[in-house]
Amino acid sequence: MQRFDAIRPFYDTEVNEAICASLNHPMMKAIMNFTFPELDDEIWKEQLKRTHSIRDFQCNFIYKALKKVLEKSSDGLSTSGFDTLEKNTSYLFISNHRDIILDTSLLNACLFEHGLVMTASAIGDNLVKRDFMNTLAKLNRNFLVQRGLSPRELLQSSKLMAEYIGQLLLRENRSVWIAQREGRTKDGNDATHSGVLKMLAMGSDEANVIDYFKKIKIVPVSISYEYDPTDALKMPQLIAEANDEIYIKEKNEDFVTLLSGIIGQKKRIHIHVGTILNTELHEIAHEFDNINKQVQALAQAIDDSILQSYKLWPTNYIAYDLLNKSTTYSSFYTENEKSLFERRLEMKIDENNLQMVESFLAMYANPVLNKSKYLNAN
């Protein structure tokens, strides 16, 4: 067994066999019938049988499935910043995280459309317990983040993943996507966890970790959805945490959330890619010589980029005003947009549960608060 076999996606030489073994799986049929409703099953099966690389699978099938998802469950995807990236160049994209599948899938669709290197993307192994989901993840160039480990196992797993990410970026010229934290942001407060950066540092082949961070070309990414299709599903965990209770997931909760993210209404979506954190790293190296302080400063630099470039929607401003019983941002939305949002709130949340109503509104309102700190500082 090779060093990275436990976590890596398929090699291209393994792709065709994996596809052929999944051809008759009901979920493969569901995906293909959704993507190509006009085609007989035998036609897309024949096309799949002729697929021998991850890139072909992504471009000919997954990209088209994603375009269909956007067509049916959104009002479109807009982007900014991609013109600052160079072709044939690998980057480490560190992103805020709102949706299990779409965050990475949409970024890769944008990279593909701009002729840029697509990513290998981190995914929690808790999300791929089912054999077909594991196969699909590996066909989509996902690598596994192992969850639920003892401290000793976690250290070993983190080192393995850090080395794998380093190999992808520096030796295979493959971009990488990782979330800024473990798990999705559920309260609207996007914040980079220093543990993610410490994990990356374990892959360093430089005497100075800042030099390694420069070498892997860190690019912050912010993604925002006008409507979060999993907003109501995030409430039970938020309420439990607010009450200092331990939250235990339902058996199929991850799978339900995953599907809801794909098919649920999102309205408009925006992805912004920032610039490579070169200047910031130079300043951090100049200011701090303690590695923990350097990591904290880098986390802050990533947050600054993500929060300042986060696209705010009418739903964010409406939630802020409803939560604060104000009209502070009333010029940023129409009465019709407000009534639509209030209708969504009524349909999804028990209005007699004030804690849940507040949590729901805060999820949408917090990005306004976070971005306003930068606007007020300037």
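No hydrogens, no waters, no symmetry mates; every other heavy atom, side chains included, goes into these values. Numbers here are sequence positions counted from 1.
- Ring geometry for His286 versus His282: interplanar angle under 30°, hence parallel rather than tilted (30 to 60°).
- The shortest heavy-atom contact between Val357 and Glu351 is CG2-CA, 3.8 Å.
- Around CG of Asp205, the count of heavy atoms belonging to other residues, nucleotides or ligands within 6.0 Å exceeds 12.
- Side chains of Glu86 and Tyr91: no donor on one and acceptor on the other come within 3.5 Å.
- Under a 3.5 Å cut-off, the side chain of Lys338 and the backbone N or O of Tyr333 do not form any donor-acceptor pair.
- Side-chain contact annotation: Ser78 with His270, donor-acceptor N/O pair under 3.5 Å present.
- Clustering ILVMFWY residues whenever any of their side-chain heavy atoms sit less than 4.5 angstrom apart, transitively, puts Val145 in a cluster other than the one holding Met202.
- The main-chain N or O of Met363 is never found under 3.5 Å from a side-chain atom of Asp187 such that the two would form a donor-acceptor pair.
- At a threshold of 4.0 Å, the pair Arg8-Glu14 counts as salt-bridged, since one of the basic side-chain nitrogens sits closer than that to a carboxylate oxygen.
- A donor-acceptor contact shorter than 3.5 Å links the side chain of Gln294 to the backbone of Phe288.
- When atom types are taken as modelled, the side chain of Ser305 and the backbone of Ile302 share no donor-acceptor pair closer than 3.5 angstrom.
- The side chain to side chain contact (heavy atoms under 4.5 Å, CB included) with Met199 is formed by just one residue from the set Leu154, Ile165, Leu155; it is Ile165.
- For the 3.5 Å distance criterion, the side chains of Lys45 and Asn24 qualify, holding a donor opposite an acceptor.
- Relative to the six-membered ring of Phe57, Arg55 misses at least one condition, a distance below 6.0 Å or an angle of at most 45° to the axis.
- The two residues Leu323 and Ala365 have their closest heavy-atom pair at CD2-CB, 4.1 Å.
- In this structure, a donor-acceptor pair under 3.5 Å is absent between the side chains of Tyr225 and Asp231.
- Closest non-hydrogen pair, Leu92 versus Leu169, comes out as N-CD2, 3.8 Å.
- Checked against the 6.0 Å centroid criterion, the rings of Tyr364 and Tyr320 do not qualify as a close aromatic pair.
- Under the 4.5 Å side-chain criterion, counting only non-hydrogen atoms from C-beta, Gln308 is not in contact with Lys371.
- In this structure, His25 contributes its side chain and Met27 its backbone to a donor-acceptor pair below 3.5 Å.
- Just one of Asp303, Asn189, Asp190 meets the side chain to side chain donor-acceptor pair (under 3.5 Å) condition when paired with Asn370; it is Asn189.
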Hey, mind stepping through Thr230 and Asp228 against side chain to side chain donor-acceptor pair (under 3.5 Å) and telling me if it holds? CA-CA 5 Å; Thr230 60; Asp228 181 339; 2.8 Å; yes

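- Heavy-atom minimum distance, Phe10 versus Ile54: O-CD1, 3.3 Å.
- Asn353 CG: more than 12 foreign heavy atoms inside a 6.0 Å radius.
- Side-chain contact between Ile31 and Phe132 is present, with at least one heavy-atom pair separated by less than 4.5 Å.
- Under the 4.0 Å criterion applied to side-chain N and carboxylate O atoms, Lys266 and Glu226 are not assigned as salt-bridge partners.
- Aromatic ring centres of Tyr164 and Phe4: separated by under 6.0 Å.
- For Arg171, the CZ atom sits in a packed shell: over 12 heavy atoms of surrounding residues, nucleotides or ligands are nearer than 6.0 Å.
- Taken together through direct or relayed side-chain contacts under 4.5 Å among Ile, Leu, Val, Met, Phe, Trp and Tyr, Leu168 and Val117 form parts of separate hydrophobic clusters.
- A salt bridge does not link Lys293 to Glu287: none of the charged nitrogens lies less than 4.0 Å from a carboxylate oxygen.
- When hydrophobic clusters are built by joining Ile, Leu, Val, Met, Phe, Trp and Tyr residues whose side-chain heavy atoms come closer than 4.5 Å, directly or via intermediates, Tyr63 is grouped together with Ile263.
- Under the 3.5 Å distance criterion, the side-chain polar atoms of Asn324 are left unmatched by any main-chain donor or acceptor of Asp321.
- Between Lys67 and Glu71 no salt bridge is recorded (no basic side-chain N to carboxylate O distance below 4.0 Å).
- Counting non-hydrogen atoms of neighbouring residues, nucleotides and ligands closer than 6.0 angstrom, the CD atom of Glu342 exceeds 12 such neighbours.
- Residues Val15 and Met28 share a hydrophobic cluster, clusters being chains of Ile/Leu/Val/Met/Phe/Trp/Tyr side chains in contact below 4.5 Å.
- By the rule that hydrophobic residues join a cluster once side-chain heavy atoms approach within less than 4.5 Å of another member, Ile94 and Ile100 end up as members of one cluster.
- Looking only at atom types and distance, the side chain of Asp304 has a donor-acceptor partner in the side chain of Tyr374 under 3.5 Å away.
- No side-chain heavy atom of Phe82 sits less than 4.5 Å from a side-chain heavy atom of Thr84.
- A donor-acceptor pair under 3.5 Å is absent between the side-chain atoms of Gln180 and the main chain of Ser95, judged by distance alone.
- Closest non-hydrogen pair, Thr119 versus Arg141, comes out as O-CD, 3.8 Å.
- Using a 4.5 Å heavy-atom cutoff, the side chains of Leu48 and Cys20 are not in contact.
- Among Lys311, His272, Arg268, Arg98, the one residue that satisfies the side chain to side chain contact (heavy atoms under 4.5 Å, CB included) test with Ser224 is Lys311.
- In this structure a side-chain-to-backbone donor-acceptor pair under 3.5 Å is missing from Ser73 to Leu70.
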Go through Asn96 and Asp103 one step at a time and tell me if the side chain to side chain donor-acceptor pair (under 3.5 Å) criterion holds. CA-CA 9 Å; Asn96 65 334; Asp103 293 354; over 6 Å; no

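- Under a 3.5 Å cut-off, the side chain of Glu153 and the backbone N or O of Ser150 do form a donor-acceptor pair.
- Thr35 contributes no side-chain N or O that, together with a main-chain N or O of Met32, makes up a donor-acceptor pair within less than 3.5 Å.
- Here the closest non-hydrogen pair linking Ala122 and Ile178 is CB-CG2, 3.9 Å.
- With sequence neighbours left out, the salt bridge (charged side-chain N to carboxylate O under 4.0 Å, His left out) criterion links Glu337 to no other residue.
- Donor-acceptor pairing under 3.5 Å is lacking for the side chains of Ser194 and Gln296.
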